[in-house]
Amino acid sequence: VWEELNTLRTDLISQGIDALCISGDIFHYKTPSRYNPEDLNRISEWLNSLPFPIYSIPGNHDLPQSSIDNLSKSPYLTVLNSVQNMRDVSDNETPQLRSFLQNICITGIPYMPLDRMRENLEKLNSRLNPENMNIILLHCDAIPNADIKLPYKVISQSDMVNMIPNADVILQGHIHLSFAPVNIGNTLVSKPWSIGRVVKDYFNNTDVLEHQHIPTYGICDIGYDEETKAKIKYVQYYPLSSYKQAAEIFDFNLMKKEISNSVAVQSFVDKLNNEYGNIHNAMQLQGAERFMGNLSEDIRKTIQEYLDKV
């Protein structure tokens with residue numbers, strides 16, 4: 001991860017960006033005790049090394065128990081207070097021109113449950129000045145199509161935009177997958193891949209080896225028209241310059257064999273658990289090898305090694 005962050009710093013500087021927006025989840029573990037002072041110092045040093053302002057909001061992984069009510073206990077706040085060029089732009093009832101550029105408002109809403117998020121989006125929208133370029137950072141359970149069945153409650157990106165129509169740009173965090181930049185009404189929604197955490201694309205039913213998470217950041221180019229009104233020129237996603245295709249790094253045939261072996265062994269263990277209550281009871285009984293009759297030689301060898309250890 002540190003190598004990726006150092007690559008990211010080099011990439012951002014080479015792109016000549018004016019500011020960095022982080023839409024939550026600087027951290028992974030939600031328990032502050034998982035981070036020692038050395039960890040927090042290292043993160044702070046990295047952020048302090050960036051030669052441009054940073055605007056951020058806390059995500060659910062930045063907050064103990066995923067609750068904004070626990071912000072005071074969070075490592076996010078510790079780092080925020082130690083980084084000179086970093087500002088939290090969570091809405092505080094009075095959205096301000098928080099940017100270094102003319103007529104640009106950067107504000108946002110930290111992670112919170114959807115019902116609470118809906119209420120806060122509508123309140124924030126009423127306070128946004130439509131004459132400004134309003135850039136909103138959100139850590140929200142919003143996906144392109146809310147009909148997709150997921151293990152948690154989501155809304156569509158269209159529903160999200162409808163709650164805050166005065167937003168010109170929404171820079172969305174939380175979902176680790178990448179969605180192409182999309183214009184919904186007058187609002188541009190951007191959601192590149194996450195930089196740090198690698199995830200499977202659970203919107204496409206593909207084998208894990210056919211999918212690759214691409215650590216990505218987005219560049220939003222803003223210009224001004226003749227009336228000095230800020231306007232979006234484009235948003236483009238860039239993979240980290242250190243990114244390599246999985247096929248360049250891994251032997252896919254070997255990986256598929258290992259995965260197949262793992263699945264077969266787990267199936268065997270599950271059968272023993274189901275019949276005898278637990279794997280240890282099963283190992284005390286004679287005749288356990290009868291489960292192994294239809295398994296390939298390499299699977300039987302793996303299981304036998306396990307039995308020998310027991």
Side-chain angles (χ1 to χ4, degrees), residues 1-12 14 25 27-29 34 61 143-145 147-152 154 173-181 190-219 236-276 278-283 285 287-310:
V1 171
W2 290 112
E3 290 179 3
E4 287 192 346
L5 287 175
N6 289 332
T7 299
L8 175 62
R9 176 177 54 209
T10 300
D11 289 355
L12 294 180
S14 67
D25 281 358
F27 293 89
H28 175 57
Y29 298 114
R34 297 293 296 270
H61 283 266
I143 62 176
N145 181 2
D147 293 334
I148 297 174
K149 293 183 179 179
L150 295 176
Y152 52 87
V154 296
H174 190 46
I175 304 294
H176 294 262
L177 304 176
S178 176
F179 306 130
S190 174
K191 177 62 197 77
W193 287 101
S194 59
I195 286 291
R197 184 179 176 188
V198 177
V199 294
K200 182 180 178 181
D201 185 350
Y202 46 80
F203 294 92
N204 295 307
N205 188 21
T206 59
D207 187 286
V208 67
L209 296 180
E210 296 169 359
H211 157 79
Q212 186 173 6
H213 180 120
I214 305 173
T216 307
Y217 58 92
I219 296 288
Q236 186 170 341
Y237 298 164
Y238 296 87
L240 287 183
S241 59
S242 59
Y243 163 74
K244 289 183 173 60
Q245 291 285 344
E248 299 178 53
I249 305 171
F250 302 108
D251 182 336
F252 272 18
N253 290 330
L254 178 60
M255 289 181 68
K256 288 182 178 180
K257 181 178 179 181
E258 292 296 327
I259 290 174
S260 177
N261 288 353
S262 174
V263 170
V265 171
Q266 186 59 51
S267 176
F268 169 77
V269 172
D270 289 344
K271 288 180 181 178
L272 294 180
N273 282 333
N274 290 335
E275 183 148 337
Y276 298 109
N278 63 68
I279 187 74
H280 300 291
N281 289 342
M283 293 306 120
L285 304 176
E289 66 275 5
R290 65 191 170 90
F291 289 100
M292 299 170 65
N294 295 324
L295 299 177
S296 63
E297 179 61 31
D298 55 347
I299 299 296
R300 287 203 297 273
K301 181 180 178 181
T302 302
I303 293 174
Q304 191 60 53
E305 289 175 356
Y306 179 81
L307 296 179
D308 291 342
K309 291 178 181 179
V310 173

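What you see is a predicted model, and the numbers here were worked out from it, not measured in a lab. When a residue number appears, it is its place in the shown sequence, counting from 1.
In this structure, the separation between NE2 on His61 and CG on Asp25 is 5.0 Å, given to the nearest 0.5 Å. Between the OH atom in Tyr243 and the OG1 atom in Thr7 there is a gap of 14.5 Å [rounded to 0.5 Å]. Taking CG of Leu240 as the reference point, atom CD1 of Ile195 lies at 4.0 Å (rounded to 0.5 Å).
Shown here are the side-chain contact (heavy atoms from CB on, under 4.5 Å) partners of Arg9, two or more places apart in sequence or in another chain: Asn6, Ile13, Trp46, Ser49, Leu50. Judged as a side chain to side chain donor-acceptor pair (under 3.5 Å), and not counting sequence neighbours, the contacts of Ser241 are Asp11. Every residue meeting the ring-ring contact (aromatic ring centres under 6.0 Å, His included) condition with Tyr217, not counting sequence neighbours, appears here in chain and number order: Tyr238.
Of all heavy-atom pairs spanning Lys191 and Leu177, the tightest one is NZ-O, 3.0 Å. Between Pro215 and Glu4, the closest heavy-atom pair is CG-OE2, 3.7 Å. Listed here is the closest heavy atom pair of Gly218 and Tyr237: CA-CD2, 4.0 Å.
Side-chain atoms of Thr216 come within 3.5 Å of backbone atoms of Ile214 as a donor-acceptor pair (strictly under, hydrogens ignored).
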